[in-house]
2 protein chains.
Amino acid sequence: MTSGTVGTSGVTIRNVAAHAGVSIATVSRALSGSRPMSHQLREKVLASVVVLGYHPNLVGRALRKKKTSSLGLIIPDLENPFFSALAQQVSRRFSESGTDVLIISADNTLELELRAVRSFLGRQVDGLVMIPCDETNSGEAVQLASARVLTIQLDRLVHGVDLPFVGCDNTAGIDLVMHHIETFVDESNQPVIIVGGGGSTSSGRERLQEFTRHRPNSLVFDGQFSFEWGKQAAGQILAQGIKRGTIVSTADVIALGLTSALISAGKSVPGDFRVVGFDDVGVAYLAHPTLTTVSQPLSDMADSIFSFMIAHSQSDQVQPRKLFSPELVVRESSPASLK
Amino acid sequence: MTSGTVGTSGVTIRNVAAHAGVSIATVSRALSGSRPMSHQLREKVLASVVVLGYHPNLVGRALRKKKTSSLGLIIPDLENPFFSALAQQVSRRFSESGTDVLIISADNTLELELRAVRSFLGRQVDGLVMIPCDETNSGEAVQLASARVLTIQLDRLVHGVDLPFVGCDNTAGIDLVMHHIETFVDESNQPVIIVGGGGSTSSGRERLQEFTRHRPNSLVFDGQFSFEWGKQAAGQILAQGIKRGTIVSTADVIALGLTSALISAGKSVPGDFRVVGFDDVGVAYLAHPTLTTVSQPLSDMADSIFSFMIAHSQSDQVQPRKLFSPELVVRESSPASLK
DNA sequence: ATGAAAGCGCTAACAT
DNA sequence: ATGTTAGCGCTTTCAT
């Protein structure tokens, strides 16, 4: 091989040093600005960098500095629009400050989630943000992570582990929904029906519990956080001969499935069935009818994660759980009017 | 500090070697199985690994092996459901074979896209898959990437760079749509209107071109790939006093925005306006009415990327562009019936 | 079959 | 202000 023209480049700091006629330390300093140096020499080095097309090997740098300027983000499912939106906010917030956010999807699998944790730990990320897959069974993954790197749980809290958490005040969110219903719904005409997303995540469970606390005698259908379950639930409701109701669900993806199936079955929303969601995902306002739902302050949550990561890397105080207050967004599927 | 109980662990291969009373080379071999060794010794080493809670430092390994067992995936926008679905498929395919897929969102910005490329190159990913942001201006990022690592463009082709590409046969997709229209639509009653997603991406441009080739005299509205643009386009169409039509759009996100705005304005879909999308994103079948659209074989595309990456790392043959044939999915927004 | 030692690319002491 | 050198954690020759 003559001179690396193509392929995996392979031009190192040593090549740059040789080309510029300086030591490798000088090259390093010219790039980082970690020490004062003559302007002239710096220019010379920078010129060589450009000529040779040098790009620093971040692996070498990371090994030496024990720092990667990266944050790992593990999400259960890329296709859930709520998680995507959350990921986008976190990405944006850290990008602004020069930290690369690397995302791995756990594909709703505990095995892949654990592997993602191992991968990120091994790759020496400076911090880890995870939306755990499961309230109890993600414990191993979360514990492992937090024992080795600054870790924060997002949206879902794993049972029994006392670790930093940023999420939404689910109880308050449900209370907003119930207040809306008590104000605008004739429940003798459209009784409350609850459709949950399963008890395997904290947010799912908390929301479901608060609903049943308000309406202990209401019908409850419980399944997963998916469009598909929403469709099935609608089928089950109709199969029971129910003709009218106010269906409150613990996630927009469920609510959208519900609405879709109800309308396909010839029902009117909100005429026959009112439907209320939770999360305010982007498509909620595109649905027909547009979806009444609970909106979470995603951007504030991302800010909070960022602040915590910064603060913690300096001092060593524990972070309690940080809950953000959601807001009710009233749209067509359950309007602010009687009937 | 006494003995690392908490924090960034920091137990290295050397600690394991000391604990097991062997050399670090032996530990390495016990873990990798790269050389035959006595069963007894291996067990001893593995026991120490467990006792000490050792996890290999992948940064050290990568520096030495010049291989990271990771694939970089750059997507323009996490919140676009089509990209999310594509990312999920790619993730799944590579995960199965032990390669970690790390995702960075470019947040629809050329600057962030370039930074993502630099980041992945610096982190020495074994391969890079990118859905470029822009047909022409992503050239720098794609060129840089491909000069240093095996890179493949997904879904969108950057103009003028001759690099591996996996995508959909957009022309064929539009032809399917036009054939559907010619078969089932009375165009004197519902004339074709075209709503594009802008000319800055290859798929957007190709689809638009093929539409206008079929119907050179049709009205054309061009914007971006977003729900919001779909809503605006509907407003523009109605503002021109148009009462009926067959609106073909170059992406589902646009079609969903269109449908939403049309129905809000009191129009019937497909009665007044038929609407056809492209991509078949998950929510397309939840919309009201459900969306007639062109479906891409995402899983096959992911397989193709995987095969190519494997093949290329062995031989060195060039990969031509790989185009997959889409299928038409007929739903309610433009049914297979006249009127 | 096992150990000793070199070295991947980089930064940070430590010299000068 | 600049150069020399040690060493981050790991794999892989090269010895034995």
- Query: Is the shortest heavy-atom distance from the side chain of A:L73 to the side chain of A:L102 under 4.5 Å?
  - Reply: no
Taking atom [atom2] of [N] as reference, at what distance in whole Å does atom [atom1] of [X] sit?
X      : N     : atom1 : atom2 : value
A:Q124 : D:dG9 : CD    : C1'   : 9 Å
B:R123 : C:dG9 : CZ    : C1'   : 15 Å
B:N57  : D:dG7 : CG    : C1'   : 14 Å
A:M37  : D:dG3 : CE    : P     : 8 Å

- Query: To the nearest 10 degrees, how far apart in direction are the end axes of the helix from C:dA1-D:dT16 to C:dT16-D:dA1, each fit to five base pairs?
  - Reply: 40°
- Item | Close residues, residues 12-27 of chain B, relative to DNA chain C [heavy-atom separation under 4.0 Å] | B:V22, B:S23, B:A25, B:T26
- Task: Spell out yes or no: do the side chain of B:R29 and the base of D:dT13 have one donor N/O and one acceptor N/O closer than 3.5 Å?
- Result: yes
- Under 3.5 Å, is there a donor-acceptor pair linking the side chains of A:D100 and A:S70? no
- Message: Closer than 3.5 angstrom, by distance alone: can the side chain of B:T26 be matched with the main-chain N or O of B:V22 as a donor-acceptor pair?
- Response: no
- So does A:S28 get a side-chain nitrogen or oxygen closer than 4.0 Å to the phosphate oxygens (OP1/OP2) of C:dT11? yes
- Message: Within residues 61-71 of chain A, which residues have any heavy atom lying less than 4.0 Å from an atom of DNA chain D?
- Response: A:L63, A:R64, A:K66
